[in-house]
Amino acid sequence: MALAAFAPALPAPGAAACDQPNVWSVAAAFDQAANGDLPASYPQIPASTRVSAIPPSVLKAVGWVESGWRQFTPGGRPLLSFDFGYGIMQITSGMAGAFGNAGGTLDAQTQSMIASNFTYNIAFGAQMLAEKWASTPRVGDGDPTVVENWYYALWAYNGWGWVNNPNNPRFSRRGTPATNPSTYPYQERVLYLVAHPPRDTAGNPLWKPVPVTLPSRSAIGSAPKQLTLTKIHHQAPVLMSALYRPSRLSPVTAGSTEQVAVDVVNTGIQAWDETEALALTYHVLTPGANPWQALSPFTSGVIAFGQGAVPVPGTVRPGGSRRIALSIRAPSSPGQYQIVWDLESRSAWLSTSGVLPRAQKLTVLRDGQAILTPKPTSTPRPDPVLDLRYVADTSIPDGTTLGSGKRFTKGWLVFNSGAEPWQSGLKLALVSGKAFGTRQIPLPAVPACRSANLLVSMKAPSRAGQYRSVWQLTGSTGRKVGDPLTLVVTVTSKPPPHPTPTPISPMPTPTPTRPTVTPTPEG
């Protein structure tokens, strides 16, 4: 029985480990990974690739095409595709279950982090994309700050060869890469999103759009080779950049003040300190105004500009953040407005230099009008201290046919969704069915909100027939908790033609190459 132990989890900024992170926490993690600003304990862009940074829009678009930026399913399990792609970047190579390898080739701790930690998953994807850059023919002048130069690396990230060749006749190019993705090669879907980013429900683009010019299909031909480009677009690392994660805005009465907490994240490559004199401010715009442009007091739709400045305290390193409390004053007239968050630096605003501000909708009511408060919701039950969730079969999926007396290794990918780590001594006990030589399955030590791949050596019965066995986690009191793990097989006296069929996804997951996830209103 191969069971792995795990080190403590790395911190994931902006989200509890078991929760699907909000899109703005994910966006900040993408910026850190793209700029090479994550701590050394995370996967890094290899120096051998000669890539110091990846255009953030490219990395973010890959993540959106792969998973819609989802790390977990709505049920709180790690996201897993039918072919064992894990998490936001759909990491497959080296992972348990992929390519018929029940244990995977990556070490168990790395696999657990890829499956469970969204920042680690993004960083690993960035590392892989940079390696594809280094292993494919050069595009243009080989400058990694040029978006178009990533064309071949993106192609290879999904599948190098004819499968994504733009000259493949299966690509009919109907509609757009966003509305009909299967009719476009993978790299064109990604680059389309670079120029047309998805938006949250408040209308905020999830990254700054960058124009893209695709290379000539005739220049690529049937065999990819070095390309020469005539029109290119740069996205180099930005010294000063920011991302905003504000609390929700409730309806307010005209002329009143509202206290708001805003997490301001440094997404540039330069630390903020007192010499920058940075201050968080807000602008008030009409509902039809465009807040994602270079704003000034004279911009169409601006009602109030540069309000309520609060200094950003201390030094904030790249990837770091500060929570700032700020009071906003509602306009004196009832109606719908936009509050737009921005950073001021010595009488200039980051939005004027191309950094995207963040807009929120604000409802202003007339004085005396009742403010409707949401109906109270029932308090959710606290997470159980001890829990286990089944994710997938990494080998011998239910329905497999085995030869009588055959020895095999059963694999279950499971997730510790409880509030406490699994300590040594925990076991899954046989609840029903044949034991297959294993009445108890010890669990490894696993932190809360992390995955583990259980590989258990078993032996098929000598008598032909259909068998269904169930194991379940047993607590200290003997009570059964968590999802049961099943083994459903048919044993035959004749050698089965296909002893291990292609694994089937245990639950529906978003199609890995289609952006299917709609962010929540506040991200």
Side-chain angles (χ1 to χ4, degrees), residues 10-15 21-42 44-45 52-57 59-60 119 122-123 126 145 204-208 234-247 259-283 291-296 305-328 339-360 523:
L10 294 171
N22 67 63
V23 292
W24 297 106
S25 294
V26 175
F30 271 114
D31 283 313
Q32 288 178 264
N35 291 335
D37 282 335
L38 286 169
S41 52
Y42 284 84
Q44 303 293 313
I45 298 174
S52 58
I54 299 171
S57 62
L59 194 62
K60 291 174 180 179
T119 304
I122 290 169
T145 69
N204 291 280
L206 299 187
W207 59 83
K208 182 181 178 181
H234 286 267
Q235 191 182 33
V238 179
L239 289 178
M240 295 286 290
S241 185
L243 180 148
Y244 312 92
R245 295 196 298 249
S247 58
Q259 189 82 359
V260 182
V262 183
D263 290 330
V264 184
V265 185
N266 181 354
T267 55
I269 60 173
Q270 176 178 299
W272 300 342
D273 57 30
E274 286 78 2
T275 62
E276 301 295 338
L278 282 175
L280 177 67
T281 66
Y282 70 91
H283 318 301
W292 307 288
Q293 60 180 323
L295 296 172
S296 78
F305 188 82
Q307 304 295 296
V310 175
V312 178
T315 298
V316 184
R317 298 186 59 80
S321 65
R322 288 288 184 273
R323 174 161 292 186
I324 299 174
L326 182 148
S327 293
I328 62 171
I339 298 296
V340 180
W341 302 104
D342 205 350
L343 274 184
E344 179 185 6
S345 175
R346 298 193 181 280
S347 300
W349 282 263
L350 292 194
S351 61
T352 63
S353 62
V355 176
L356 286 175
R358 172 83 182 275
Q360 285 183 288

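Residues: numbered from 1 along the sequence shown. When reading the values below, keep in mind they use all heavy atoms of this one structure, side chains included, and skip hydrogens, waters and symmetry mates.
- Scanning both residues, Ile45 and Ala33, for their nearest heavy atoms gives CD1-O, 3.9 Å.
- Looking at Thr267, its side chain never comes within 3.5 Å of a backbone N or O of Ala28 through a donor-acceptor pair.
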| Yes or no on side-chain contact (heavy atoms from CB on, under 4.5 Å) for Leu59 and Trp207, after CA distance, side-chain angles and deciding distance? | CA-CA 11 Å; Leu59 194 62; Trp207 59 83; over 6 Å; no
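- At a threshold of 4.5 Å between non-hydrogen side-chain atoms, the residues Thr315 and Glu274 count as touching.
- Side chains of Arg245 and Ser25 form a contact here, defined as non-hydrogen atoms less than 4.5 Å apart.
- Asn266 places no side-chain N or O within 3.5 Å of a backbone atom of Gly320 that could act as its donor or acceptor partner.
- With values rounded to the nearest 0.5 angstrom, Leu356 atom CG is found 10.0 Å from Leu206 atom CG.
- Closest heavy-atom contact between Ala309 and Thr281: CB-CG2, 3.6 Å.
- For Arg346 (side chain) and Thr275 (main-chain N/O), a donor-acceptor pair under 3.5 Å exists by modelled atom type.
- In this structure the side chain of Arg358 reaches within 4.5 angstrom of the side chain of Pro246, judged on heavy atoms.
- Nearest heavy atom pair, residue Val260 against residue Ser247, reads CG1-OG, 3.5 Å.
- You'll find the side chain of Val26 stays beyond 4.5 Å of the side chain of Lys60, heavy atoms only.
- Considering only heavy atoms from C-beta on, Met240 stays 4.5 Å or farther from Val355 through its side chain.
- For the 3.5 Å distance criterion, the side chains of Ser57 and Gln235 qualify, holding a donor opposite an acceptor.
- Less than 6.0 angstrom separates the ring centroid of Trp349 from the ring centroid of Phe305.
- In this structure, Leu280 and Val262 have side chains that are in contact, with non-hydrogen atoms separated by less than 4.5 Å.
- In this structure, the side chain of Asp37 does not engage the main chain of Ile269 through any donor-acceptor pair within 3.5 Å.
- Between Trp272 and Val264 there is a side-chain heavy-atom pair separated by less than 4.5 Å.
- Within the 4.5 Å cutoff, the side chain of Val312 has no heavy atoms near those of the Glu276 side chain.
- In this structure, Tyr244 contributes its side chain and Leu343 its backbone to a donor-acceptor pair below 3.5 Å.
- A donor-acceptor pair under 3.5 Å is formed between the side chain of Asp342 and the backbone N or O of Ser351.
- No donor-acceptor distance shorter than 3.5 angstrom exists from the side chain of Gln293 to the backbone of Thr352, with no hydrogens or angles considered.
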